[in-house]
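Naming: A, B, ... by sequence-line order, numbering from 1 per chain.
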2 protein chains.
Amino acid sequence: MPAAGEHHPAFEEYCECIFELKEDDVDVIQARIAERLQVSRPAVSEMMRRLESEGLITTDGGIRLTRAGQDLAERVVRRHRLAERFLTDVLQLSWAEAHHEAGRWEHVMSESVEAAMDRLLGSPTTCPHGNPIPGSDYIEPDASPLSSVDVGAKFVISRIPEELEFTPGLLEFLEESALVPGTNGTVTAISPDGTLTLEIGGHHVGVGAFASSRILVSA
Amino acid sequence: MPAAGEHHPAFEEYCECIFELKEDDVDVIQARIAERLQVSRPAVSEMMRRLESEGLITTDGGIRLTRAGQDLAERVVRRHRLAERFLTDVLQLSWAEAHHEAGRWEHVMSESVEAAMDRLLGSPTTCPHGNPIPGSDYIEPDASPLSSVDVGAKFVISRIPEELEFTPGLLEFLEESALVPGTNGTVTAISPDGTLTLEIGGHHVGVGAFASSRILVSA
DNA sequence: ACGGATTGTAAAGGTTCCCTAACGTCCGGT
DNA sequence: ACCGGACGTTAGGGAACCTTTACAATCCGT
Ligand SMILES: [Fe+2]
Ligand SMILES: [Fe+2]
Ligand SMILES: [Fe+2]
Ligand SMILES: [Fe+2]
């Protein structure tokens, strides 16, 4: 069962991972890739050699996607995020379920399905978590980390970066707490360890320091 | 990228194949499986041993799916046919494209997606080609092979069996010729070699002997 | 009854993708 | 200057799935 395109699922997965690490502003090194993909460091080491010999990455002075690697990664990420939109908006799956499912669909969707889904959804510019869909008309909003909001200030959730999808249970928690792109709230307290207390739709929610530093909001 | 359930794609593919051979009334022997899956006979031989040791088939006196194998096969076929319905009805893909795509989706759809898609489509009972969706309220229609229709007689296309999806280009041809379940036509001629000439929606189409013997129609 | 096709299996081997164990390097803190 | 950690790599191995080549067994039409 090869994927729709011409590349093996493993290659797609590694390129996607490199793309998202860069997007999340995390050092693109083998150790990070190993963590995200949940494989051993030797496995990554070996795969880096294969990716390089296939012309998908270069490794002189840090791991970087080549043009071909970038194209592949963008295709995979685009399909992942379109699939997430479809799964949440049309099939009414939860964030967490949609994310898991999309992680499989991204390797299986053909170009025509990608196009048809894009049409069906009205060419969305972000996934349900607010991350940009490559190839769409996404315009970078003027956003800053939730952790930089002052006590008492209002904000609108803008984006929950891909990085947070790796913390088990976090997506579920955020969705249940209505912490989804577009909703607005107020910071009611900041504890010394960086935990924020928010007020959203009449409910109060605590958000840890790490998550707060990653979630992007606008005024 | 394992499948949604607990089984490897290869196991799913083999069980599905056995299920469909039976459904098409073809001898369930290794040679047929090798042909349909486009693998060598030794590969099938080895896999039969694995499937048996996993309790998915029995081989005493012919290859037969066990309860577990049957369940797995039905799940996969159900997902394949639901996916085909979705891809043609909602995403407007052609038959041929939908079939290819569904061949990958069937190993990747989760239970919740299967359920959501079933709901979205209104619990269809057949795939676009008229083949029954396992687990649906399908009622076997009173149908007979197209080849048994007399010259001059009218008919309604009922079902294009899975078997014909393996002849390259045939699906495309049938769809373009409006030879889809539900449409009706008339047999205008039968040649000695078994080729039928049909009249469908004002157009005339020739259908070969093999296809005619498999396509099911009702009066 | 016989010769050619069809079928199943054995043997040997290959690719992809992963693992553990172990080792060398480098880097920041003390 | 020294040490613990983090990082990358080597070596050796393994599971899944497939291949080609070759060889028996079985089936079947004439
Ligand atoms: Fe995601
Ligand atoms: Fe996302
Ligand atoms: Fe199909
Ligand atoms: Fe079908």
Below 4.0 Å: OP1/OP2 of D:dA6 and any side-chain N or O of A:R32: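 No.
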Distance below 4.0 Å between A:Q30 side-chain N/O and D:dA6 OP1 or OP2: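 No.
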Check: B:S110 main-chain N/O paired with A:E101 side-chain donor or acceptor under 3.5 Å: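 Side chain of A:E101 to backbone of B:S110: a pair is present.
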Do [Y] and [X] meet the salt-bridge criterion of a basic N to acidic O distance under 4.0 Å?
X	Y	answer
B:E74	B:R81	no
B:R75	B:D71	no
B:R32	B:D24	no

Results of side chain to side chain donor-acceptor pair (under 3.5 Å) for B:H99 - residues two or more places apart only: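 Here the qualifying residues are B:H80, B:E84, B:E165.
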Any B:T126 side-chain heavy atom under 4.5 Å of B:P181 side chain: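 Side chain of B:T126 against side chain of B:P181, heavy atoms only: no contact under 4.5 Å found.
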Sugar-phosphate only, base, or nothing, as touched by A:M48 at under 4.0 Å among non-hydrogen atoms: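 A:M48: no heavy atom of the nucleic acid under 4.0 Å.
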Tell me the interatomic distance from [X], atom [atom1], to [N], atom [atom2], rounded to whole angstroms.
X	N	atom1	atom2	result
B:E12	D:dA16	CD	P	15 Å
A:R49	C:dT16	CZ	C1'	14 Å
A:I63	D:dG8	CD1	P	7 Å
A:D27	D:dA6	CG	C1'	12 Å
A:L37	C:dT16	CG	P	19 Å
B:M47	D:dC18	CE	C1'	9 Å
A:L51	C:dT16	CG	P	12 Å

B:D193 atom CG: more than 12 heavy-atom contacts under 6.0 Å: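 Atom CG in B:D193 is crowded, with more than 12 foreign heavy atoms closer than 6.0 Å.
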Nearest-nucleotide 5' precedence on DNA chain C, A:Y14 against B:E35: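 The residue whose closest nucleotide sits nearer the 5' end is B:E35.
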Letter per nucleotide, 5' to 3', of nucleotides 19-28 of chain D [B base touched, S only sugar-phosphate touched, - untouched; heavy atoms, 4.0 Å]: BBB-------
